[in-house]
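Input: a single structure, listed below in structure tokens.
Here, residue 1 is the first one in the sequence, and each next residue gets the next number. Values reported hereafter were calculated over all heavy atoms of this structure, with side chains retained and with hydrogens, waters and symmetry mates removed.
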Amino acid sequence: MMRAMQPKDFNDKAVKKPLSDDELLDRVQRETLKYFHDFAHPNCGLARERSNVVPGYHYDLDCVTTGGTGFGIMGLVAGAERGFIPRADVLAQIEKIVGFLEKSDTFHGAFPHFLNGNTGKTIPFSPKDDGGDLVETSFLMMGLLTARQYFAGEPVCDKINKLWEAVEWDWYTKGEKNLYWHWSPTHNFDMNLPIRGWNECLITHVLAAASPTHPVSTDVYQSWVKGGDFKNGKDYNGVTLPLGPDAGGPLFFSHYSFLGLNPKELSDGHADYFQQNRAHALVNQQHCEKNPNGHKGYGPDCWGLTACDSHEGYGAYSPVNDKGVIAPTAALSSFPYTPDESMRALRHFHENLGDKLWGKYGFVDSFNEGENWVAKSHLAIDQGPIVTMIENHRSGLLWDLFMSAPEVRPALDKLGFDKPQPPKAAPQAPKP
């Protein structure tokens, strides 16, 4: 179980042996991976939704997450490549995961958000969310396709293909020009949640277009990008943000889809997606540095607002919903976009706050210095991007693997993404 924060004040600094940048990144990746390897559900190998049991929260340690498992698979591949976990062990775990998924509940090929790790039966996310979750399924498929590329030639690849080809992306359009997030055999499309606005769902649209068996038309993607809350274009302290809600929204918008999709190879009439993601991270970082709400602890080296646990429960935090809660995943998963700012945050979290923030599986989920509160939890959907995006920053491994899938580039071409161009100058952080 994770340590709660000790009574010591946050201003007390931890004394640590100095590590080089590479040594520190190694440590973070290696220890965070333990969430997905050592702490994986023993029966099925999938990622548990969270590391702790919360009173009044109806999910226990048998609750496994499909999207978080997709993120974890990508992290495990990075761990195998770096020698943190033996390659054979990672392959065996992925074979175990796939074997379990073959027997688990699906709904027109899509997996639910949560499964019981012993039975493979759906654990409802909410009263009507007891069926397929197309977005979580897309995160899972992104991870499985990455593993398929890494372990090419292994028998598990054929099983991955069957899971991938079984997803009926077209079913989740209701015959319309939209993708719908959920379908339930009990409640049908009653949740009525079309995917709208710039968010974490670019990967969902790309995979829906890429499907070899149940693809959707390009009209579906065009409907998404033409909808409300997609384009932005405002200037924030000298940084222009092409897409998204005011101030960009929580930082996971720039992480989840881009664990596999390489933003350096993505541009269209709406954005250069590396520029978009860097701008989003800079807007978030500058908000914390300027700290208009006067939250304790914020500064140039202590930043990162995203969806995470908090002293008030789970929430999606951003510059327009800022409750003083910093999540290490926000800055650390932004390493490809803001390497200098992310490294400074990492050193602050590790060297100055590490005795409070460092847990059994890397950094705990979040903290709020003003409330003298530190999460007792690790969450799969926050730990996975840390490992994967640090690896993409260091080597581009997961980007290279996912983008090498033969289904991906034709789908991007179909959706109107340009061929890779020489990189443009990245947006610069304004000088103080």
**Asked** What distance do Ser404 atom OG and Tyr150 atom OH have between them, rounded to the nearest 0.5 Å?
**Response** 12.5 Å
**Prompt:** With under 30° as parallel and over 60° as perpendicular, where do the rings of Trp198 and Phe258 fit, or are they tilted in between?
**Reply:**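 Rings of Trp198 and Phe258: tilted, as their planes differ by 30° to 60°.
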Is the backbone of [Y] close enough, under 3.5 Å, to the side chain of [X] for a donor and an acceptor to pair up by distance?
X	Y	result
Thr66	Pro112	yes
Gln29	Val387	yes
His280	Phe253	no
Asn232	Gly244	yes
Thr65	Glu49	no
Ser318	Pro250	no

**Asked** So, do His295 and Tyr298 have ring centers that fall under 6.0 Å from each other?
**Response** yes
**Message:** Regarding Arg394 and Glu391, does a basic nitrogen lie under 4.0 Å from an acidic carboxylate oxygen?
**Reply:**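 No, no charged N to carboxylate O under 4.0 Å.
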**Request:** Inspect the contact between Lys376 and Asp365 and indicate whether a charged nitrogen and a carboxylate oxygen are less than 4.0 angstrom apart.
**Result:**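 No, this pair does not count.
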**Qualifying ring-ring contact (aromatic ring centres under 6.0 Å, His included) pairs, either residue in residues 74-99, two or more places apart** =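 Passing the test, one end in residues 74-99: no pairs.
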**Request:** With sequence neighbours left out, write down each residue that passes side-chain hydrogen bond (donor to acceptor under 3.5 Å, both in side chains) with Lys177, or none if nothing qualifies.
**Result:**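 Scan of Lys177 (side-chain hydrogen bond (donor to acceptor under 3.5 Å, both in side chains), adjacent residues dropped) gives none.
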**Request:** Indicate whether the side chain of Asp62 and that of His41 have a donor and an acceptor atom separated by less than 3.5 Å.
**Result:** yes
**Asked** Considering the options Glu165, Glu154, Glu407, which one meets the salt bridge (Lys or Arg N to Asp or Glu O under 4.0 Å) requirement together with Arg148?
**Response** Glu407
**Item:** Of all pairs that satisfy side chain to side chain donor-acceptor pair (under 3.5 Å), the ones with a partner from residues 300-310, not counting sequence neighbours
**Value:**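 Residue pairs with at least one partner in residues 300-310: Arg50-Asp309, Asp301-Arg344, Asp309-Ser377, Ser310-Tyr317.
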